[in-house]
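To keep things clear, I will list the structure first and then write my remarks on it.
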Protein chains: 2
Amino acid sequence: MPVANLFDDLPDRAEAELFTAILDRPGLRIERIVSTGQTTPENEPYDQDHDEWVLVLKGAARLWLDGRGETDLKPGDHLFIPARCRHRVVWTAMGEPTVWLAVHFG
Amino acid sequence: MPVANLFDDLPDRAEAELFTAILDRPGLRIERIVSTGQTTPENEPYDQDHDEWVLVLKGAARLWLDGRGETDLKPGDHLFIPARCRHRVVWTAMGEPTVWLAVHFG
């Protein structure tokens, strides 16, 4: 029986980050994000009204969280990002896709 | 700044599966499960009153779902397991830990 895989259909290089909904319910959204070098513009951090839990599955990235500073992330690393905590992707690897799992909730 | 990693503290061989809560909220639980060869007893399948989404991060496993049969799982493979769908772990790799991410919700 075929089964979906989060590492299928990874772009080597894309214009923008690729967001794919894995599961979407009231109060819960699980998504795959694929970055290929993109970052969040410095003057446009994410500022969400819900909590998020994020896990790096592949690649490498650096995340900035307000009040916490910058954090380097490798596969297996995970972080809780509370609602209203501004954050942005400072850097993602150029040579390979960086695959994130994001769980948005609350 | 230190960050938690899902591949930290993996047992090579344990008596039982290892369950670690990553996040626990009303209606949402994210957990890491580490299997080192364990399976679910054939006469004791899981039968949950909530939905679950499961992702294999490392290792290899075979899962049986009622009405769907057996599925081999490798890293990146993910499955939605509806509430009341009986399921069991038929096989997990012996030579290395198998790491699952399970999101329980609803």
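Quick caveat: nothing in here was measured; it's all calculated off a predicted structure. Residue numbers begin at 1 in each chain, while the letters A, B, ... track the order of the sequences.
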### Over 12 foreign heavy atoms within 6.0 Å of CG, A:Asp8
yes
## Note on the structure
Against chain B, residues from residues 87-106 of chain A with at least one heavy atom under 4.5 Å, in numeric order, are A:Leu101, A:Val103, A:Phe105
### Query
Is any residue of residues 42-58 of chain A within less than 4.5 Å of chain B by heavy atoms, and which ones?
A:Asp51, A:Trp53, A:Leu55, A:Leu57
### Query
Transitively linked via ILVMFWY side-chain contacts under 4.5 Å: A:Leu10 with A:Leu73?
no
### Message
If the test is side chain to side chain contact (heavy atoms under 4.5 Å, CB included), which one of B:Leu63, B:Asp77, B:Asp72 qualifies with A:Val3?
### Response
B:Asp77
## Note on the structure
Contacts satisfying ring pair (Phe, Tyr, Trp, His ring centres under 6.0 Å) that involve residues 9-42 of chain B (not counting sequence neighbours) are none
### Query
Taking non-hydrogen atoms and a cut-off under 4.5 angstrom, which of residues 23-34 of chain B neighbour chain A?
B:Leu23, B:Arg25, B:Leu28, B:Ile30
### Task
First locate atom CG of A:Asn5, then atom NE2 of B:His78, and finally report the distance between them rounded to the nearest 0.5 Å.
7.0 Å
